[in-house]
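Just so we're clear, the structure is a prediction, and the values are computed from it rather than from any experiment. In this chain, numbering begins with 1 at the start of the sequence shown.
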Amino acid sequence: MGRWRPAAGHGTALDMVRSSPPRTPLAGGALIAIGAIAGTGIGLFTPLGPTRGFLIGLGVGVAISLVMWLRDLRR
């Protein structure tokens, strides 16, 4: 039994050769995690407490991620 072979010229269409690679979106998940962890750490050493620090850090991380996402939409 013979081997399977693609048709002659397979994968060389002009659209495949000339198109630019897809643009990758910016990721903001790490900023959310860093904000939450940093907020907890800061909250441990301030009168806010770790829970409030976590929530504030989480909110800041989400806000920065939303700004990144909105800027990425315009690109």
Side-chain angles (χ1 to χ4, degrees):
M1 192 161 188
R3 292 173 126 177
W4 177 82
R5 289 186 166 180
H10 178 75
T12 59
L14 289 179
D15 289 339
M16 294 178 74
V17 175
R18 292 185 183 165
S19 66
S20 61
R23 186 177 47 85
T24 56
L26 299 173
L31 295 173
I32 297 172
I34 290 170
I37 293 169
T40 303
I42 292 170
L44 285 172
F45 301 107
T46 62
L48 288 174
T51 303
R52 283 188 184 167
F54 171 79
L55 293 174
I56 292 169
L58 186 65
V60 169
V62 168
I64 293 171
S65 294
L66 282 173
V67 169
M68 282 181 57
W69 178 65
L70 289 173
R71 289 183 72 193
D72 190 43
L73 283 178
R74 292 182 185 176
R75 256 188 351 159

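The other residues sharing a hydrophobic cluster with Leu44 are Phe45, where clustering joins ILVMFWY side chains under 4.5 Å apart.
Within the structure, the side chain to side chain donor-acceptor pair (under 3.5 Å) test picks out the following pairs touching residues 58-73 (sequence neighbours left out): Arg23-Asp72, Asp72-Arg75. Listed by first then second residue, pairs satisfying side chain to side chain donor-acceptor pair (under 3.5 Å) with a partner in residues 28-53 number zero, not counting sequence neighbours.
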For residues 31-39, run the donor-acceptor check on the side chains, cut-off 3.5 Å, and write out each pair with its distance to 0.1 Å, sequence neighbours left out.
none

Got a list of side-chain donor-acceptor pairs under 3.5 Å for residues 54-63, not counting sequence neighbours?
none

